[in-house]
Structures are given as structure tokens and as C-alpha cells.
Number of protein chains: 2
Amino acid sequence: MATEPKPASPPLTERQEARRRRILHASAQLASRGGFDAVQMREVAENSQVALGTLYRYFPSKVHLLVATMQDQLQQMHETLRKRPPAAEAPSTRVAETLMRAFRALQREPQLADAMLRALTFADRSVSAEVDTVSRLTTAIILDAMRLPGPPTAEQLSVVRVIEHTWHSALVTWLSGRASIAQVKIDIEMVCRLIDLTAAG
Amino acid sequence: MATEPKPASPPLTERQEARRRRILHASAQLASRGGFDAVQMREVAENSQVALGTLYRYFPSKVHLLVATMQDQLQQMHETLRKRPPAAEAPSTRVAETLMRAFRALQREPQLADAMLRALTFADRSVSAEVDTVSRLTTAIILDAMRLPGPPTAEQLSVVRVIEHTWHSALVTWLSGRASIAQVKIDIEMVCRLIDLTAAG
DNA sequence: CGCTAATCTAGAACAAGTTTCAGACTCGCT
DNA sequence: AGCGAGTCTGAAACTTGTTCTAGATTAGCG
């Protein structure tokens, strides 16, 4: 389907779209190498052949840039998951499986994950719109995995939010070396049990 | 690179202890006013009547300083809670009540909360020891509220971790204006249901 | 006491995020 | 074509976290 960017305000010209892409690419590349600190605005500008001022016109801060990078990556992840949805019987198992799949993808690029997650949780109010987009994408991925018959109830939305909270925070503790991969898995599976709980009640 | 940051290795003299206190006080004060950004190292140094280099000897980075500030605040919170423990019947209710009490305390100083939480989630590996201390304190608070008959099982520890994840992440979304107070409450109560789940199963 | 090592201070210096500005370039339009 | 508004560039400047240095001060000890 259409992988259109969100901004509805000003339609970008071809060259502008290309610039934007180059920037995001450079950002992801630098992040993959050295994590959050390695994404230096001057270097991103240089690597994407754009003036520093232009970089800042496209992304008003380093955090904006990295959150946009995360949007990009999540979108890809979402499509990948769409193609091969989890097969398990129970919704909670499907969600856990989905998140573990995403987790394995992040493990392949831990530095990139570090950059994106740190930016996401460090973001202040000025980035809330962009962070919200990421959140909605994550919610969509989880809801997809749940395959609800109808629209989610308020209670189910709360469960999804709690799963997201756990997901983000567990990743952060893993990235900072305070939790093992196994522990993240256990915690994800634990929080997914809330799904059964609301299905039954 | 002297080896004497946190570990109780070298006992501090009176004057050193006083300096440390002044620094933490200045940090909390500045944070209360303007949040994370308002805690500027030069200003902390000035307000606590300490040279910049000394400040860095006591706290090797801004994040270290703010995480230590959080330790300080949490400790107070823990004692306050010890004095008036939650009265409710069900463990899950007691935990939810406890966290909501802490939440209300944070609401009184939202800027301070912002500074501490942003530092906590932004912390990289070099701060993991200090972050871990905060995490253990939080765990202790939650376990206190649960009032388990014996030592917690592995499963219960996972539940506590998930609650902590939710707690931190929910606070972050609240601080960045993406979730209401009511929503945080709902999510906390939701995740606390996991306690009943493991008590029953 | 008087010595020595550690600590503290003031201040400069450095690094990276962010802002600013003058001039060159593009785009959409007529 | 040619014009005007908006965009891009290159470079310098500014801000704040962090590091470094040289000289004063302090703590502990014989």
C-alpha cells in the first residue's frame, strides 16, 4: 500500500522527498554503527549531502530525527509482520510471538535500537506528535496480532497500552545491560497474559 | 579517572558529605523549577558553592546527578510509605494504591519528576549501577505493598518488573503530555491485576 | 609543627546540538 | 522567459555538557 509520510501540510517535491530519504538513511546508518551518540547532526548533514540548516528544517532536533527514523523502521516491521502473521492459537501467544519477533529484529541492530529507543523515551513535549505516531503504529501492530472480532473495548486498549509500556521499558533495560534477553522474553510473556484476562472477564 | 564514584569505598569527610548534600539540594531545586533542561551543571555548581570540576568529581555526569537525586527522593518516599502503609484488602489494590500515592506526590512537582524520569530512561550503561539502585528501591516499595508471606517467586518477580516497566513508561507518557492522569491510573490498576493472576494460578 | 597526597577552585578549552545569516538556487506562476 | 517566494548552502556563532590545567587548600600522618 501507499507508504506516504504523515505531514499533510506541505506536499514535498521530488528532490525534497529524496533529501528526506537521504537524511533518514544516513541517520539509520550512523545509529547502526554507534548508537545514539554516533548520530551527530553535522555528520548526518554531511553524509546526506545537505546543509546543516536544511537538516534542521526537515527535522527540528536530533530527537525528532531519531523518532522519525523509528517511525520508518516500525513501518517496515509492520509490513513484514503483515506478510507473515503469527500463527498461534491464543491471542496472547500471538502478541507475545509478534513482539519477540520484533525483539529479535532489534537484536540484530542493537545500536540502532539504542538510538531509537533513547530518543523515544527522552523526547519532550515538542516531539509528542511524532512520538504519538510511533505509539499508534505500535498499537496497530499489537492489535493486528490480537485479531479482535470487533473494535477494541476501552479495557482492551488499556491492556494494549500496558503491553506497550512494558515493551518499551523492557527494551530500555535490556539496552542498558540491566536485563537479559531471557528476562525480556519472560516479561513480555507475562504482560501478554493480561490479554487472556480481559477475554475471559 | 579516580576510582571513587558511588561505591562506599572511601568514607567522606563531614565537609564532603555537606558538599554532596548541597549539590543534591541545588539539583532538586533547579529541577523543580524547570525540569531536565533547567538543571545546568554550571548553575548547580554555583548554587551549591562548589567548583564545576568538583561537581563532576562527585557526579560524573548530569544523568548521574539526576539519578542520584531520584534515589534521594525515592528513599524519602519509601519511608513515608512505611509509616502509612496502604490498608486495602487485596495485594493488587494495595500496590495500585501505593503507586497512585507516589504518583500524586510526583504531580505536586511535575518538573522535578520530568528531570528525574528523563534522566532515568536516558541513562546509558555507564549509569547502570545507579539506575539499578533506583530499580531495587522501586521493587522494594512494590514488594512492601504486596506483603507476601514468604520470599517472592520468580513469577512474582516478573510481575513486579512488569509493574515497574508500566509505572516508568506511564509516567513518561504523562510527563510528555500524551496521557492523562486518569489514563495513568487506569493503566496502573490494569497491570496490578497481574498480581491476582499469579496469586490465583 | 611540617610534609605530602589528595582534593578543591577558577577558568580556559573542547565537543556537539542548535541558531543565525547572507547569498545562491528552485519552484510555481504568468 | 522572467519574477517573487520560498528553499538550500556554507560558515560562523552561541549554548551547555564535559574535560583539562595550574595553582590554592585541606586532610592525614610522622
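Numbers restart at 1 for each chain; the letters A, B, ... are given by sequence-line order, proteins then strands. Below, all heavy atoms of this structure are taken into account, side chains as well, without hydrogens, waters or symmetry copies.
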Margin query: Applying a 4.0 Å non-hydrogen cut-off, can you work out what Tyr58(A) is touching in the nucleic acid: base, sugar-phosphate, or nothing?
Written below: sugar-phosphate
Note to self: Within the 4.5 Å heavy-atom criterion, are Met41(A) and Phe59(A) side-chain neighbours or not?
What the structure shows: no
Check: In whole Å, what is the span from the CD atom of Glu46(B) to the C1' atom of dG11(C)?
Finding: 13 Å
Next item on the list: Indicate, with yes or no, if the rings of Phe36(B) and Phe122(A) have centres closer together than 6.0 Å.
Entry: yes
Item checked: Any side-chain heavy-atom pair of Ser27(B) and Leu66(B) under 4.5 Å -> yes
Anything under 3.5 Å between a donor and an acceptor, one on a side chain of residues 80-93 of chain B, the other on a protein residue two or more places apart or in another chain? List them.
residue  : atom : partner   : partner atom : Å
Thr80(B) : OG1  : Gln76(B)  : O            : 3.0
Ser92(B) : OG   : Asp196(B) : OD1          : 2.9
Ser92(B) : OG   : Asp196(B) : OD2          : 3.1

Check: Given side chains that start at C-beta, do those of Lys185(B) and Met100(B) come closer than 4.5 Å, heavy atoms only?
Finding: yes
Notebook entry, point to check: Taking atom C1' of dG17(D) as reference, at what distance in whole Å does atom CZ of Arg118(B) sit?
Noted result: 15 Å
Next item on the list: Would you mind reading off the distance between Leu55(B) atom CG and dG11(C) atom C1', rounded to a whole angstrom?
Entry: 15 Å
Next item on the list: Would you confirm whether Arg178(B), through its side chain, and Thr173(B), through its main-chain N or O, come within 3.5 Å as a donor-acceptor pair?
Entry: no
Item checked: Spacing between Tyr56(A) atom OH and dG17(C) atom P, to the nearest angstrom -> 6 Å
Check: Over how many whole Å does the gap from Leu52(A) atom CG to dT20(C) atom P extend?
Finding: 13 Å
Item checked: Interatomic distance, Arg19(B) CZ vs dT26(D) C1' [rounded to whole Å] -> 9 Å
Item checked: Residues touching DNA chain C, which here means a heavy atom under 4.0 Å, drawn from residues 33-43 of chain A -> Val39(A), Gln40(A), Met41(A), Arg42(A)
Margin query: Hydrogens and angles aside, do Thr166(B) and His165(A) bring a side-chain donor and acceptor to less than 3.5 Å of each other?
Written below: no
Next item on the list: Taking only the side-chain nitrogens and oxygens of Gln16(A), find out if one of them lies under 4.0 Å from OP1 or OP2 of dC8(D).
Entry: yes
Notebook entry, point to check: Should we say atom CZ of Arg21(B) is surrounded by more than 12 heavy atoms from elsewhere, each under 6.0 Å from it?
Noted result: no
Next item on the list: May I ask you to decide whether Glu155(B) forms a salt bridge with Arg193(A), counting only side-chain N to carboxylate O separations under 4.0 Å?
Entry: yes
Check: Closest nucleotide of DNA chain D for Thr13(B) versus for Arg57(A): which of these residues is on the 5' side?
Finding: Arg57(A)
Check: Just how far, in rounded Å, is P of dA16(C) from CG of Leu30(A)?
Finding: 13 Å
Checklist line | Arg22(B) CZ - dC8(C) P separation (whole Å) | finding: 11 Å
Next item on the list: Under 3.5 Å for both distances, Watson-Crick or G-U wobble, that's the pair rule; now give the dot-bracket for DNA chain C, with | marking pairs to another strand and [ ] for crossing ones.
Entry: ||||||||||||||||||||||||||||||
